[in-house]
Amino acid sequence: MYKSKTCGELTAQDAGKTVTLAGWVHRRRDHGGLIFIDLRDRFGVTQIVFNPQTAPAAHRVGSDARNEYVLQATGVVAKRPAGQENPALATGEIEVYVTDAQILNAAKAPPFVINKNEDVDDSLRLTYRYLDLRRERMQQNLILRHKVIKFMRDWLDAHGFIEIETPILTKSTPEGARDYLVPSRVHPGEFYALPQSPQQFKQLLMVAGYERYFQIARCMRDEDLRADRQPEFTQLDLEMAFVEQEDVLNLVEALFTDLVHTLAPERTMQTPWPRMTYDQALARYGSDKPDLRFGMELTDVSDLAASSEFAVFKNALRAGGQVKGVRLPGCAEYSRRELDALVDLAKTKAAKGAVTIALKADGVHSSASKHMTPQEQQAYVERLGGQSGDLMIFVADSHAVVAAALGALRKEMGARLKLADPNALALGWVIDFPMFEWNAEEKRWDAAHHPFTSPKPEDMALLDTDPGAVRANSYDMVCNGYELASGSIRIHNRELQAKIFSLLNIDAERQRLRFGHMLEAFEFGAPPHGGMAPGIDRFVAILRNEDNIREVMAFPKNQWAQDLMMHAPSDVDADQLKLLHLEIAPPKP
RNA sequence: GGGGGCGUGGUGUAGUUGGCCUAACACGCGGCCCUGUCAAGGCCGAGAUCGCGGGUUCGAAACCCGUCGCUCCCGCCA
């Protein structure tokens, strides 16, 4: 070993001991005579002192050292002189008087500052990720990530779960996200797919009788990136047999509640977690992943609109839609330009427009004042509980568009007005998702969750008459405006599974080709089962108050799915392509 | 595929109603001085044709057009 102690463990108790430390030069303070170096390793920082009188050879080493040099130093632990302690440092009671030192490796000046948490251009950080990872922020993020995963493993183990690995090379299932494909050398023209999730494997493990499975599972989806979406990400994938929805929810809630209490006790969390149906979430917050850290709920004003002469409102109602509004406290003085920006935000969610009513000191000011009397405007204000100085914004459209538009406004304004308590973890459940979503482009029903989700027994009759009204035994875990997990009770009956496939426009032949193994497995004594899959990257990011899941991944991709450090993706040798029976088509002009 | 933001020494920023910019500040880097610092301090120094290309102008870091890169968002994400 190059070291007898780490840079994070020495205390006054160790005074007098001779120790050897090894690490990186975090900072160096050269007084001409004495040189102080803050030596850093993964465990902490320790001040080592070079004295030209008592150890001239070692002092020359300290003199040559520069930031990020790799250093080994042997010396005697000493309590610092009275008044020289550094309370900001865990090892601040002591220092090490170096008697012998050597440079294990020199270092160029790094392309960005490592010993300060200063913002640096993301692409530079990603190019030199191994340097970025030395910085305290990333180190803390990855250490917490480790603790979270360790906690999950231990907790699930203690609750009778076993961890089972499932294949990375598997079969493409074109429904859902785009697959990453891997060409087969042995089978010309055929491909493996990287898993979007271990969904089918974990269900088959239930058929196999393992009853309680989990996996820290890597999932890959070839879709465009966002701050909370990387092409590969990690889920705590779990599945249980002989359970109902309530059992899964209770178990996951207990796991995460214990986890937060243990690893983030300073964070506030409402227990038990609030639950709401999908319909309630959309009605109250305009989102199926509402940020529950603040109120600012949507208010239905359809009844007021019904008795008004305002054509935009009336027409929306006549078409079966609704009119709802949201109150933005203290925003009455927004400029025309700012109001337009809010309306534009609503329009990005397919709203045709939005009506604003500002309650200023001299009364109501509305963008629809030509179409509404002041009395009408006042009625809307009162319905929303508007106070002087508030801005109200209304959207009239279908239920879905109203929710999307006002939900986007609520999210944006919640952030802008800093309504969310940054210390809160607003964990909650959204249940009773619809079974199907109408895909207007393809003119067919798509599975809202995935095709293995079971419908609610009481809605079974609607499968034949009104698929859009069927609710699923599916549920999401939400936190601070993120979808942290999705899950469902699965289908375990062959006939029902085949019926759902058919409803999803997958004919018998494609069912046999793509899902024959699942249908067949259900004929061999498949138990009732269900589970879910919390996203670990998103959860750790929330715990660390990071806005981008890159910050909690060691080697993430940039927005265009490139690894700037490894330079992936990259072209490959012609020989490799030949072996894989591939030819590259010339790019389109 | 679309929209917004950003791009100035190694890093982070200032400068952007065109002229005082022969581009400023902090950190970093190099040298010298300095025995109790911990964001050490002091002195000196090197380092940027302002992402790239074109244009307008007597004059462009700044204005216009194009382009590239990064980033956030929409679409997309069973």
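Numbered from 1 within each chain, the chains take letters A, B, ... in sequence-line order. Because only heavy atoms are used, hydrogens play no part in the values below, and waters and symmetry mates are left out as well, while side chains stay in.
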**Q** On a whole-Å scale, what distance lies between the P atoms belonging to B:U16 and B:A78?
**A** 47 Å
**Q** Between A:R137 and A:D132 (salt bridge meaning N to carboxylate O under 4.0 Å), is one present in this structure?
**A** no
**Q** Provide the closest heavy-atom pair for A:A227 versus A:D547 in the form atom of the first, atom of the second, distance.
**A** CB-O, 3.6 Å
**Q** Would you verify whether the NZ or CZ of A:R410 falls within 45 degrees of the ring axis of A:F294 while also being under 6.0 Å from that six-membered ring's centre?
**A** yes
**Q** Return the value, rounded to whole Å, for the distance between atom CG of A:L126 and atom P of B:G69.
**A** 16 Å
**Q** So if I apply the side-chain contact (heavy atoms from CB on, under 4.5 Å) rule between A:L126 and each of A:L564, A:D121, A:D563, which one comes out positive?
**A** A:L564
**Q** Using a cut-off of strictly less than 4.0 Å, decide whether A:N67 has a side-chain nitrogen or oxygen near OP1 or OP2 of B:C29.
**A** yes
**Q** Rounding to the closest angstrom, what is the interatomic distance between B:G30 and B:U49 at atom C1'?
**A** 24 Å
**Q** Report yes if a side-chain nitrogen or oxygen of A:Q562 is closer than 4.0 Å to either non-bridging phosphate oxygen (OP1 or OP2) of B:C70; otherwise report no.
**A** yes
**Q** Compare the ring of A:H449 with the six-membered ring in the base of B:A78 and state whether they stack (centres under 5.5 Å, planes under 30°).
**A** no
**Q** What's touching nucleotides 72-76 of chain B from the protein side, N or O pairs under 3.5 Å?
**A**
| residue | atom | partner | partner atom | Å |
| --- | --- | --- | --- | --- |
| B:C72 | OP1 | A:N548 | ND2 | 2.3 |
| B:C72 | OP1 | A:R550 | NH2 | 3.4 |
| B:C72 | OP2 | A:Q559 | OE1 | 3.2 |
| B:C73 | OP2 | A:A227 | N | 3.1 |
| B:C74 | OP2 | A:R226 | NE | 2.9 |
| B:G75 | N7 | A:R226 | NH2 | 2.6 |
| B:G75 | O6 | A:D224 | OD2 | 3.4 |
| B:G75 | O6 | A:R226 | NH1 | 2.9 |
| B:G75 | O6 | A:R226 | NH2 | 3.1 |
| B:G75 | N1 | A:D224 | OD2 | 2.5 |
| B:G75 | N2 | A:D224 | OD2 | 3.2 |
| B:C76 | O2' | A:E223 | OE1 | 2.5 |
| B:C76 | O2 | A:R229 | NH2 | 2.9 |
| B:C76 | N3 | A:R229 | NH1 | 3.1 |
| B:C76 | N3 | A:R229 | NH2 | 2.9 |
| B:C76 | N4 | A:R229 | NH1 | 3.3 |

**Q** Between A:P451 and A:Q47, just flag the one whose closest nucleotide in RNA chain B comes earlier from the 5' side.
**A** A:Q47
**Q** Report, one pair per line, the protein and nucleotides 41-51 of chain B atoms (nitrogen or oxygen only) whose separation is under 3.5 Å.
**A**
none

**Q** Angle between ring planes, A:Y278 versus A:F433, binned at 30° and 60°: parallel, tilted or perpendicular?
**A** tilted
**Q** Mind listing the N/O atom pairs, protein and nucleotides 7-11 of chain B, below 3.5 Å?
**A**
| residue | atom | partner | partner atom | Å |
| --- | --- | --- | --- | --- |
| B:G10 | O2' | A:P111 | O | 2.8 |
| B:U11 | O2' | A:E118 | OE1 | 3.1 |

**Q** Between B:G28 and B:G10, how far apart are the two C1' atoms, rounded to whole Å?
**A** 7 Å
**Q** Under 3.5 Å, is there any donor-acceptor pair linking the side chain of A:N86 to the base of B:C38?
**A** yes
**Q** Could you give the distance separating B:G75 and B:C20 at their P atoms, to the nearest angstrom?
**A** 47 Å
**Q** Suppose we call a contact any N or O donor and acceptor under 3.5 Å apart; does that hold for the side chain of A:S197 and the base of B:A78?
**A** yes
**Q** If we take the P atom in both B:A46 and B:G3, what is their distance in whole Å?
**A** 46 Å
**Q** For A:D38, is there an ion pair with A:R40 - N to carboxylate O distance below 4.0 angstrom?
**A** no
**Q** Scan every strand shown for a Watson-Crick or G-U wobble partner of B:G30, both distances under 3.5 Å, and answer none if you come up empty.
**A** B:C44
**Q** Is A:E232 salt-bridged to A:K557, cutoff N-O under 4.0 Å?
**A** yes
**Q** Once you apply a heavy-atom cut-off of 4.0 Å, does A:R80 come out as touching a base, just sugar-phosphate, or nothing?
**A** base
**Q** Does a nitrogen or oxygen in the side chain of A:R29 sit under 4.0 Å from OP1 or OP2 of B:U37?
**A** no
**Q** Using a 6.0 Å cut-off, check whether atom CD of A:Q139 has over 12 heavy atoms from anything other than its own residue.
**A** yes
